[in-house]
Amino acid sequence: MNTEVRIQVTEEPGHVPLITVTGPLDLYSGPQLYRRATRVLERHASLVVDLAGVTACDSSGLNTVLRLCRRAGEARGRLVVVSPPALLDRLAPLTLRESALVVYGSAEEARTTDLAA
């Protein structure tokens, strides 16, 4: 069983930066995602995180997304999540009532949408 996470960052002129996560989003991989994403948020207010390839997500993974959402909001930007895992999809509406988190079904749709907060 592959328990390693892959985190790929794509930054292209004219597009919102995209981070693609493949593998588990948990206690071990969450800090990796947070570090990579916050480096991107230092240069851009908004960020798309594609979670379609996430194979498992625990409460630590949810916490990572919540922290990134808060960080983007502090920068007056937005965090866009694509294809969130079931845990995040169920719990996010309860924990992010008025937040900077936006959810889309595909990375293309998310990256071509005006993400002005």
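Heads up: numbering here begins at 1 and tracks the sequence.
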So, for E4 and P24, which heavy atoms are closest and what is the spacing to 0.1 Å? O-CD, 3.8 Å
Compare all side-chain heavy atoms of L66 with those of L62 and state whether any distance is below 4.5 angstrom. yes
Please list all pairs passing the salt bridge (Lys or Arg N to Asp or Glu O under 4.0 Å) test where one or both residues lie in residues 7-20, with sequence neighbours left out. E11-R43, E12-R111
Do V82 and V48 make a side-chain contact, defined as non-hydrogen atoms from C-beta onward lying under 4.5 Å apart? yes
Considering non-hydrogen atoms only, spot the tightest contact between L47 and A37 and give its length. CD2-CB, 3.7 Å
Sequence-distant partners of T22, side chain to side chain contact (heavy atoms under 4.5 Å, CB included), two or more places apart: R6, T20
From CG (L68) to CD1 (I19), nearest 0.5 Å: 7.5 Å
For A52, does its backbone N or O pair with a side-chain atom of S83 as donor and acceptor, under 3.5 Å? no
4.5 Å side-chain heavy-atom contact, L51 and L25: yes
Do V5 and L33 have side-chain heavy atoms sitting under 4.5 Å apart? no
Between A45 and A72, what is the shortest heavy-atom contact and its length? O-CB, 3.9 Å
Does a side-chain heavy-atom distance below 4.5 Å link V80 with V16? no
From Q8 atom CD to R36 atom CZ, the distance as rounded to the nearest 0.5 Å: 8.5 Å
How many angstroms lie between CZ in R67 and CZ in R70, if you round to the nearest 0.5 Å? 7.5 Å
Taking only residues two or more places apart in sequence or in another chain, which ones pass side chain to side chain donor-acceptor pair (under 3.5 Å) with T64? none
I need the single residue from I7, V21, L18 that forms a side chain to side chain contact (heavy atoms under 4.5 Å, CB included) with V49. Which is it? V21
Could you grab the distance from atom CD of E74 to atom SG of C69, nearest 0.5 Å is fine? 10.0 Å
Are V9 and V54 connected, step by step, through hydrophobic side chains (Ile, Leu, Val, Met, Phe, Trp, Tyr) whose heavy atoms are closer than 4.5 Å? yes
Got T38 and R71 here, is their nearest side-chain heavy-atom distance under 4.5 Å? yes
Please report the C-alpha distance between D26 and S29 in whole Å, then the side-chain angles of each, then the deciding distance to 0.1 Å, and finally whether the side chain to side chain donor-acceptor pair (under 3.5 Å) criterion is met. CA-CA 5 Å; D26 56 21; S29 61; 3.2 Å; yes
